[in-house]
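Throughout, numbering of the chain's residues begins at 1 and tracks the sequence.
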Amino acid sequence: MKRRPTENERSAENLAFLATALASLRTVEEVQAFLEDLCTPAELEAMGDRWRVVPLLQENVPYREIHERTQVSVTTIGRVARTLERGAGGYGIAASRLSTPPAAVNAG
């Protein structure tokens with residue numbers, strides 16, 4: 001009898017498929033267009049908020065100061081901090097490859 005993939009297996013396959021699509025994109029403009037097509041404005045805002053706080057957390061800026069500088073909620077900042085500590089390492093990889101930290105680009 002043929003075995004059906006479990007929900008976790010499907011999720012892993014879908015994530016790998018999405019990651020492959022992202023890796024195929026060649027320019028910032030292509031990635032931005034893909035993300036705008038894929039995500040709702042609220043999802044893009046949430047992901048942008050998370051990414052903006054990464055370099056500040058890596059610089060050990062206190063949560064409250066990050067909140068004041070970015071207006072990102074302290075709850076979100078805490079979640080990003082936990083992910084930096086215990087996640088898959090993606091934030092750190094991306095941050096280490098950038099010459100201009102995301103917070104500096106979007107700081108206002």
Side-chain angles (χ1 to χ4, degrees):
M1 182 193 305
K2 187 174 180 181
R3 187 178 75 79
R4 290 182 164 206
T6 66
E7 188 173 328
N8 284 343
E9 289 168 333
R10 278 192 307 274
S11 292
E13 287 173 10
N14 288 342
L15 181 58
F17 191 49
L18 177 60
T20 300
L22 283 165
S24 76
L25 301 170
R26 293 190 173 103
T27 66
V28 170
E29 293 79 15
E30 288 178 355
V31 173
Q32 187 169 339
F34 183 81
L35 290 173
E36 287 176 358
D37 288 347
L38 180 67
C39 302
T40 66
E43 290 167 334
L44 290 171
E45 182 179 4
M47 289 188 291
D49 285 349
R50 290 180 206 134
W51 183 236
R52 283 183 63 206
V53 303
V54 168
L56 299 170
L57 287 166
Q58 289 178 321
E59 295 169 10
N60 297 313
V61 176
Y63 289 16
R64 289 279 172 204
E65 185 177 337
I66 293 172
H67 169 70
E68 289 169 12
R69 287 163 69 173
T70 65
Q71 297 306 300
V72 173
S73 76
V74 174
T75 301
T76 295
I77 295 165
R79 286 185 189 133
V80 173
R82 280 191 302 281
T83 302
L84 271 170
E85 222 175 88
R86 298 182 227 144
Y91 282 148
I93 292 167
S96 71
R97 291 185 181 163
L98 294 176
S99 57
T100 304
V105 173
N106 294 320

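- Atoms CZ and CD1, on R50 and I77 in that order, are 12.5 Å from each other to the nearest 0.5 Å.
- L98 and L56 fall within a single hydrophobic cluster, where Ile, Leu, Val, Met, Phe, Trp and Tyr side chains are chained together by heavy-atom contacts under 4.5 Å.
- For residues 74-91, the pairs satisfying side-chain hydrogen bond (donor to acceptor under 3.5 Å, both in side chains) are S73-T76, with sequence neighbours left out.
- Among residue pairs with one or both ends in residues 34-45, those qualifying as side-chain hydrogen bond (donor to acceptor under 3.5 Å, both in side chains) are Q32-E36, T40-E43; sequence neighbours excluded.
- V54 approaches A95 most closely through the heavy-atom pair CG1-CB, 4.3 Å.
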The test is side chain to side chain contact (heavy atoms under 4.5 Å, CB included); show your working for Y63 and V53 and say whether it passes.
CA-CA 9 Å; Y63 289 16; V53 303; over 6 Å; no
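- E65 pairs by the salt bridge (charged side-chain N to carboxylate O under 4.0 Å, His left out) definition with R69, not counting sequence neighbours.
- When all heavy atoms of L57 and A81 are compared, the pair lying nearest together is CD1-N, 3.6 Å.
- Taking the side chain as every heavy atom from C-beta outward, R64 and V74 approach each other to under 4.5 Å.
- Annotation: side-chain contact (heavy atoms from CB on, under 4.5 Å) contacts of A94 (sequence neighbours excluded): W51.
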Check residues 14-26 and write down every donor-acceptor pair under 3.5 Å in which the side-chain atom is one partner and the other belongs to a residue at least two apart or another chain.
residue: N14; atom: ND2; partner: R10; partner atom: O; Å: 3.4
residue: T20; atom: OG1; partner: A16; partner atom: O; Å: 2.8
residue: S24; atom: OG; partner: A21; partner atom: O; Å: 2.6

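- When every heavy atom of M47 is checked against every heavy atom of C39, the shortest pair comes out as CE-SG, 3.3 Å.
- Not counting sequence neighbours, the partners of E9 by the salt bridge (charged side-chain N to carboxylate O under 4.0 Å, His left out) test are R3.
- To the nearest 0.5 angstrom, T27 atom OG1 is 4.0 Å from E30 atom CD.
- Between T70 and D49 the shortest side-chain heavy-atom distance does not fall below 4.5 Å.
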